[in-house]
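All figures in this text were calculated on a predicted structure; none of them were measured in a lab. Worth knowing before you read on, the calculation uses all heavy atoms, side chains too, and leaves out hydrogens, waters and symmetry mates.
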Amino acid sequence: MYRFNINLEELEKGMVIAEPVFAITKTGTNMLLIKEDTLVTDKIISLLQRQQVKQIVVNTRKKLRENLPLVQSKIEEKPKVKPIFSDTLRKEAVENIRSLFSIVNDPDHGNNNMTTAYQAIEGLDRILNQLIASISAEPGGIVHIHDLKSFDEYTYHHSLSVAVLAIATGQVMGMDLLEIIRLSRCAVLHDVGKLAIPIEILNKRSSLTDEEFKIMKSHSVQSSLNLKNKAFGDTELWTGVMYHHEKVNGKGYPKGLTGNEIPLFSRIISVADVYDAITSYRPYRKPMTPSDARELIMGEVGNSFEYDIVKAFTKKLVLYPLNTIVELSNHTMGVVIENENQMRPVVKLENANEVIDLSNHKNLNIVITKVINPNEKSGRRG
């Protein structure tokens, strides 16, 4: 595999984008356009042309023209982390979520359209059954939640990730299949009202004003109302969605509910929602490492989250799956080759024969600072 910096005119189908591509928005901020390791298609080429991208770094199996300098003489194939489920299923799930969000938020679809609602929920349940089966087949935990991360269409991919995390948590808690399906419906639809939030608030890099935060917080109630108006689901779904930002200490929103006043589905989704959000790239912040995110979640037990739910959540969460590529605080990069100690795995350094056991007392000053590929980034947000 070779890596070249080429002009856009030389870009061909079948090449792979080697470095993230950014575009400048109307507000002058950088927006991630295409993530690293994206396969080039006609649609990708067209997108780059519309954004007037001039040059791009690609991986390709052929040398191209002789006078074209290599960015690297040859790059090694990176070991792949086993995905939670197939790329086909992931894409189908995201398409289904996009369609659902569109229907729920489209005023022209008509309120209380039982036929549309039934068909949409039926399609969602078919996807959820496949997700549940895939997660159930993985006894070692959620193999690689970062496989679900995406720069583009964040809300849809976030909804899918939260559903996966909620499903796994429900399984550990001993829920039966029907209950897990109902839980995962809530998880998929918990942020459906965010489509009504102005994009400049969703992606604002600086802190939100009090008025902007008030608008952001409205999304949980709006999500519930939109679902109810379109006859999607029942009271269990509507309340599960409405209260996913409540905290067990009563300091959440919209009602300030405490403890068991908060529906069980909301309490589970709350944990999954925060974990996925803080480990994801956002325009206004960098992502936390999985271990730091886990520590934050544990630290919020009794304040934001319920202990039994956090215990179940972390039981099936694999922080650094085998073959995960990580960056260390000593400015080296390597691959996880052993992860019996979830917080402090064993890492084989890149371009060296050295192996570092992060659990060894000699290495306690070295920490994982980043999970490489995908690159994701988190202020005060809903």
Side-chain angles (χ1 to χ4, degrees), residues 78-85 134-149 161-174 268-281 286-330 332-350 354-376 378:
K78 293 180 180 178
K80 298 296 182 182
V81 178
K82 180 183 175 185
I84 303 169
F85 38 75
S134 297
I135 296 168
S136 299
E138 184 48 59
I142 297 178
V143 182
H144 192 28
I145 194 63
H146 289 274
D147 180 62
L148 293 171
K149 303 293 186 184
S161 296
V162 171
V164 168
L165 293 166
I167 288 168
T169 304
Q171 288 178 342
V172 175
M173 294 176 69
I268 293 172
I269 292 168
S270 176
V271 178
D273 180 40
V274 170
Y275 179 85
D276 184 71
I278 61 180
T279 56
S280 298
Y281 166 90
K286 294 181 179 180
M288 279 190 182
T289 62
S291 54
D292 286 345
R294 182 182 183 276
E295 287 297 294
L296 185 148
I297 294 292
M298 294 293 293
E300 282 298 308
V301 168
N303 292 319
S304 298
F305 312 124
E306 181 182 312
Y307 172 75
D308 288 340
I309 291 174
V310 170
K311 183 179 179 182
F313 175 84
T314 57
K315 188 172 183 179
K316 207 169 183 184
L317 184 69
V318 177
L319 300 179
Y320 302 106
L322 298 180
N323 293 333
T324 300
I325 301 169
V326 295
E327 183 180 281
L328 303 178
S329 57
N330 62 358
T332 60
M333 192 180 299
V335 177
V336 173
I337 61 173
E338 185 181 314
N339 61 1
E340 186 175 347
N341 186 324
Q342 280 289 307
M343 304 293 287
R344 308 285 294 177
V346 178
V347 177
K348 183 181 183 300
L349 297 186
E350 188 177 60
E354 185 180 357
V355 172
I356 295 181
D357 182 352
L358 296 179
S359 65
N360 189 298
H361 71 279
K362 297 183 300 182
N363 300 320
L364 294 182
N365 63 322
I366 303 174
V367 296
I368 293 173
T369 56
K370 183 190 288 186
V371 174
I372 304 298
N373 186 31
N375 288 312
E376 294 275 322
S378 320

For A272 and A166 the tightest heavy-atom approach is CB-N, 4.2 Å

Are any non-hydrogen side-chain atoms of V271 and E300 less than 4.5 angstrom apart?
no

Is there a donor-acceptor pair under 3.5 Å between the side chain of D276 and the backbone N or O of V162?
no

Can you find a pair of side-chain heavy atoms, one from V318 and one from Q342, that are under 4.5 Å apart?
yes

Under 3.5 Å, is there a donor-acceptor pair between the side chain of S329 and the main chain of V367?
yes

Does any part of the side chain of V301, heavy atoms only, come nearer than 4.5 Å to the side chain of K311, both counted from C-beta?
no

Can you see which heavy atom on T289 is nearest to which on Y320, and at what distance?
CB-OH, 3.6 Å

Counting N and O atoms only, with roles assigned by atom type, does the side chain of E327 sit under 3.5 Å from a partner on the main chain of K370, one being a donor and the other an acceptor?
no

For the pair E340 and V346, evaluate side-chain contact (heavy atoms from CB on, under 4.5 Å) and give the outcome as yes or no after the intermediate values.
CA-CA 9 Å; E340 186 175 347; V346 178; over 6 Å; no

Measure the CD1-CG distance between I268 and D273 for me, rounded to the nearest 0.5 Å.
13.5 Å

Within-4.5 Å side-chain heavy-atom neighbours: V355 and E338:
no

I278 and A293: which non-hydrogen atoms are nearest, and at how many Å?
CD1-CB, 3.7 Å

Hey, what do you get for OG1 (T314) to CE (M298), rounding to the nearest 0.5 Å?
5.5 Å

Indicate the atoms forming the closest heavy-atom contact of Q171 with S136, along with that distance.
NE2-OG, 2.6 Å

Kindly give the heavy-atom pair with the smallest separation between I309 and M173, and that separation in Å.
CG1-CE, 4.1 Å

Identify the residue among I337, I368, T324 that makes a side-chain contact (heavy atoms from CB on, under 4.5 Å) with P345.
I368

How about L165 and L317: do any of their side-chain heavy atoms sit closer than 4.5 Å?
yes

Give me the atom names and distance for the closest heavy-atom approach of L319 to M343.
CD1-SD, 3.4 Å

Is a donor on one side and an acceptor on the other found under 3.5 Å between the side chain of T332 and the backbone of L328?
no

With the side chain counted from C-beta on, respond yes when P290 and V371 share a heavy-atom pair under 4.5 Å apart, and no when they do not.
yes

Is there a side-chain contact (heavy atoms from CB on, under 4.5 Å) between I356 and N330 once you walk through the steps?
CA-CA 11 Å; I356 295 181; N330 62 358; 4.1 Å; yes

Within the distance-only criterion (no hydrogens, no angle test), does the side chain of N363 pair as donor or acceptor with the backbone N or O of D357 below 3.5 angstrom?
yes

Answer whether the closest heavy-atom distance between the side chains of F305 and V274 falls below 4.5 Å.
yes

Close side-chain approach of M288 to E295, heavy-atom, < 4.5 Å
no

Nearest 0.5 Å please: distance from the CG atom of N323 over to the CG atom of N339.
10.0 Å

